[in-house]
There are 2 protein chains.
Amino acid sequence: MAPQINGSVVKAFEILHLFSPERPVITAADLARELDLNGVTAHRFLRTLEQVGALVAESRGHYRLSFLFADLGDRVRDAQMLARLAQPLLNGLTDRLGEGSMATSFNGAKVTCIAKAQPRRALAVDVRVGVELEAWCTAHGKLWLAHLGETELDRYLAGHARQRFTAATVTDEQRLRQEIAVIRKQGFALNRGEREEGLFALAVPVRSRSGRMVTGLSIFGPSGRLGGAQAEILGALRQATAELEAGLYGPPAPIQV
Amino acid sequence: MAPQINGSVVKAFEILHLFSPERPVITAADLARELDLNGVTAHRFLRTLEQVGALVAESRGHYRLSFLFADLGDRVRDAQMLARLAQPLLNGLTDRLGEGSMATSFNGAKVTCIAKAQPRRALAVDVRVGVELEAWCTAHGKLWLAHLGETELDRYLAGHARQRFTAATVTDEQRLRQEIAVIRKQGFALNRGEREEGLFALAVPVRSRSGRMVTGLSIFGPSGRLGGAQAEILGALRQATAELEAGLYGPPAPIQV
DNA sequence: TATTGTAATTTCAAATATAGCAATAGATGC
DNA sequence: GCATCTATTGCTATATTTGAAATTACAATA
């Protein structure tokens, strides 16, 4: 016998998943239709979710998500889960590949290192947890930019000056936009000495179940060593990504109803 | 008869509320004890919440919140609820007091205007939605700083240069820290022409049910007009705050079990 | 302002899913 | 390797949820 799971709780979460930016408000009738519930049952679930503070009634029968979830979300982030789960994976990557690795967060302007691993031998750059990096000229940063919506990207590019650091630095808006388009297509970002002479990096996104970028993982090191091994690095990063996503969200496929 | 609410859903949310930064992991035994559930029932709820993706099993029997909540939280934020709910309240404040008003968000470095209202007559400053303001020399910014933890505050003060804008600008770290302590105690922040000559502002925090600052509301205008009416302004802001909190989280007191 | 259609809400009996006991399997520590 | 503790499963009584029908509230229209 499959383990007894509580159907009411499952339904409650199915309801929560119906909400989206395009669909901020839901009524009992919507529910009844889309989840195939009786109208009365649908109504009662909405009332229940309202009373526990998960939903707010905007007007009679019209419910939207409560800000409670922003709180719960912050609670999850505050627990430093990302950094804690990423750390062993970064250690593994660095051990295996012999290069530096790191994970980042993004606040809309700059990228912040939230975890890192470094090989035993000395490294050109000394990245530390908490360090902030420009978004427009780093692998992580460009990856985050590639995951912004068009309006946010426009605002970022308009609002942040770009100076030349090395011969490889890309300051031209059009070229940057082109590269971001490429990153969106190929699913990873490169830095070919654009910020520090001779420093190469490859970064991949870690996504939520709904496709949002949650963090990035990268390998970085002298371009001489990293230039050739792109496929191997990418493979290792993808595997670490999958493990991290599983650690954050649990096993991938919620199959049964 | 009280409306029929689904007990299982209520229990599920009680479980979710047990998690906190200090308590990131919970076991069935914890649950059974604290919510007075049968051990088997507690276990089944944890399994259910795991299967819907709300919890992740770290090891056998040890559960923590899934990053799913970070996603749901982002969904709430993306819906622009804060700005949408704040707008009519700001309009009301500005109509009533005849001064500018605004609401802000904070990314750890700068404060961003997310909604604003301006009186009919021309105003010294032209604040626009999306505008970024320094944190250390504005009412909103200091309010946000006052709500940071000690380590974040230290990092902010260490990482952000402070220049003199007017005679009233406070650049000294000790004086700034003292003022932040005052703000923490009194629950509101002032700007006495520290950023723009003659521009006065009073800002109050809007908090989540768990006490976290979610946004700030302020009244701003020429210091001549605003200097004397502090009590009235504070009262109006507090009332708007209460309304906004109710709109975000629903009615205040979840009394019954 | 009255009217009418639509959707939310309540009532109550039937059905079903859940709770808890008792037993087993699986870890963990000594 | 054994003992102990905790997680997990099977099974049934029962408390909870469900849904049809009836009622009430709302909103749009005349």
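The sequence lines fix the lettering, A, B, ..., with proteins before strands; numbering per chain opens at 1. All values derive from a computational prediction rather than experimental measurement.
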Quantified as the angle between the terminal helix axes (five pairs each), what is the overall bend of the helix from C/dT1-D/dA30 to C/dC30-D/dG1 to 10 degrees?
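Both end axes considered, the difference amounts to 60°.
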Is there any salt bridge (Lys or Arg N to Asp or Glu O under 4.0 Å) pair reaching into residues 60-71 of chain B, and which pairs are they, with sequence neighbours excluded?
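The answer is B/Glu58-B/Arg64.
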Can you list everything that forms a ring pair (Phe, Tyr, Trp, His ring centres under 6.0 Å) with B/Phe13? Sequence neighbours excluded, please.
none
Without decimals, in angstroms, what is the distance between B/Leu37 CG and C/dC21 P?
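In whole Å, C/dC21 P lies 13 Å from B/Leu37 CG.
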Which nucleotide in the list C/dT18, C/dT9, D/dT18 gets nearest to the side chain of A/Asn6?
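So the side chain of A/Asn6 is nearest to C/dT18.
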Side chain of A/Arg47: nearest nucleotide among C/dT9, D/dA7, D/dT8?
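Among C/dT9, D/dA7, D/dT8, the one nearest the side chain of A/Arg47 is C/dT9.
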Does C/dA8 have OP1 or OP2 under 4.0 Å away from a side-chain N or O of A/His43?
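Looking at the OP1 and OP2 atoms of C/dA8, neither is under 4.0 Å from any side-chain N or O of A/His43.
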Parallel under 30°, tilted from 30 to 60°, perpendicular over 60°: which one fits the rings of B/Tyr249 and A/Phe67?
perpendicular
Per-nucleotide protein contact string for nucleotides 25-30 of chain C, where B marks a base within reach and S marks sugar-phosphate only (heavy atoms under 4.0 Å, - for neither)
-SS---
Between the protein and nucleotides 20-22 of chain D, which nitrogen or oxygen pairs come in under 3.5 angstrom?
from	atom 1	to	atom 2	distance (Å)
D/dA20	OP2	A/Asn38	ND2	3.0

Listing, residues 233-242 of chain B side-chain donor-acceptor contacts under 3.5 Å, not counting sequence neighbours, or none:
from	atom 1	to	atom 2	distance (Å)
B/Arg238	NH2	B/Gly187	O	3.4
B/Thr241	OG1	B/Leu237	O	2.8

First of A/Gly61 and A/Ser8 reached from the 5' end of DNA chain C, by closest nucleotide
A/Gly61
